[in-house]
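Worksheet: the structure to be examined is printed underneath.
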Amino acid sequence: MITSFEINNNEPFGGGATFGATGAYVRIDGTATGEVDPARPCNAGIALLDKAPRNEHGRVEYRTDVTILRPADASRGNGRMLYEVNNRGRMLLFPNLCAGAAGNQPKTAADLGNALPLKLGFILVWSGWDPGAPRANSGLALDAPVATNDGTPITQRIREEFVSGTRLGMMKTFRLSYEAADTRARLTVRATQTAPRREVAFAFVDTTTIRLLPAPAPCERGAQTNAKRELGTIPERSAAFETDAVSEIDAIPEVGAIYEFTYNATQPRVLGLGFAATRDLVSRLRRNGETLLGGRPTHALGFGISQAGRYLRDHIALGFNKDEGGARVFDGVLTHVAGIGRLFYNTPFAQPARTRTWHEDHDFPEVEFPFSTATFTDPIGGRTASLLRGDDSDPLLIETNTSTEYWQKAASLLHTNPEGTHDAVLPDTVRGYFLTGTNHTGRSGTPRDAGPCILPRNWHDPMAAVRALLVALDAWVVDGRAPPPSRLPRIDDGTLVPAEAVAFPKAPGFAPPHAANDATPLPDWINPGPPTRAWRALVPQVGPDGNELAGLKLPDVAVPRGTHTGWNLYKPPYPAGELADRDGTFLAFAETSTERKATSDARPSLAERYPTQGSYVTDIATIVTHLCNDRLLLPDDAAAHLARAKSE
């Protein structure tokens, strides 16, 4: 429960800027302090809670950063709370859903882009849940206690992975998730997940940072080879730290290579308290938030993108959508691009920033049965279960995913049985939408160049659909008006198939992937071995122009000017031909039939598809009308699509 709230900032937002009928907003920044009782069943699933220090009441304390944007005049708002789970400390609502500026400190109305949630009158709330999230640039984090064995430090040998030049940019050093207890550690590197490892020389900069050392001279390399040190043994090093500063002559990590570091870690925090912190804060604001919010919210919606969406899936599955009094926390939840993922979070020495893809973090926990909201029996573990709890704590749920989540995150298992042999029947309280022809990071301003990939990247922005579905979720929660039926690829109509069965068309430069990422159990993340069994993940089938056949098609995909995919392949110096982490592909159609034939492009040209500009605009207008009628496109987004079509 929340025991206190300290306000650090309370001021008019954006200099008093107004947002439609809601008017002006106020921004409040503060810190909530809470405590949990380890003896209560609702907290029993929090890992290491029994090893955390207790206060005088026998409870475990935490502190979480909180940011609130609320209508200055509560009577002009809609009376509902929209809680966005932050992604690694960052707010993604404004740069993604609203096409605004990135960052946790928007200063002006323009920074909020279309400001849809404010114009709708929501109370917006964020709070920290990850003790490892950076607080730089107003990042949101959680203060959680360190677990011990009755005061004695806990130490465990663990594994970490680092890739330079991809998600986190170019690296000179590697920052560890935990303090190293000693220097008995080992660093290896390999080009791809399946390539052989080779040992790399390194040194500690401090107890949480390592740096690469220059490669040994030939004679030293020979001596090391003669020693025949086996993979997994501990190099002979002093148990006392002899740290050193980063040097100009240090080796630079190879771009795209996988560095794997095994060491003795210590000082694990009770990470799972983040679930309790979110639960307790939202519950407190719903039941007793008048002072902070200007009124008591009538309903609460949860929203999360990528990692934050996976957090919400865990929040539901682990029972944290029921507060300590037994009441539901979120009435409705919308997850975007979470795939079947869960978090590597509620376990000792977890690393929640990781996300499992073909090339990176592949052998870290994320894939965990149950996947679907439908009830199935796991053919591997034998358990029968659903992601939902099957009681009053279950929220109304919308899950949206792009093509990337099918190729990288096994999203098909959301709506098929684990064997991948038949389609699921989802509960009436759940909707799933495949956002056709889109990649994981799709939003306004997505790059169009090739970047680290072989082919130009997919620029398609799916957020118009997510905006419409947020409005639909709100109506579902408040008025009981159900959203449109799910739009998903299916096994029974041939629009969901094994990766090797995708019928890619012939097109110049088109290089399809040779497989999709797998979905396998991971019994041991510290010393992972090759999987012996797998759940069967499928991917969307494509039509003659290379665009996927099923799903929710926004105008740019329904009336295409090229092939949009949710996958791409790396080019050198990245691991050539490997499935790119989260980028898609856009391969434009030829302008004319002559150009198409000259390049042996099997896809009809633009001139063959749309004889005149007017015919193209007419096709766009038809799709826009259908989407608006189905409540899958909002009027402002419909007008924007039509205006852009007329200018192309």
I want to check a possible cation-pi pair here: R27 against F13, using under 6.0 Å from ring centre and within 45° of the ring axis as the test. no
So, for W129 and Y83, is the gap between ring centers shorter than 6.0 Å? no
Would the F261 and Y259 ring centres measure less than 6.0 Å apart? no
Between W358 and H514, does the ring centre distance come in under 6.0 Å? yes
Is D130 reaching over with its side chain to a backbone N or O of A141, donor-acceptor style, under 3.5 angstrom? no
Between S138 and N104, do the side chains contain an N or O donor and an N or O acceptor separated by less than 3.5 Å? no
Under 3.5 Å, is there a donor on one side chain and an acceptor on the other for H315 and N321? yes
How about R175 and T208: does a side-chain donor come under 3.5 Å of a side-chain acceptor? yes
One thing to verify: whether D331 and R286 come together as a salt bridge, which I'm taking to mean a side-chain N less than 4.0 angstrom from a carboxylate O. yes
Is it true that E399 and R431 make a salt bridge, defined as a side-chain N closer than 4.0 Å to a carboxylate O? no
Going by atom types alone, do W535 and D378 pair a side-chain donor with an acceptor below 3.5 Å? yes
Charged N-O contact under 4.0 Å between R443 and D461: no
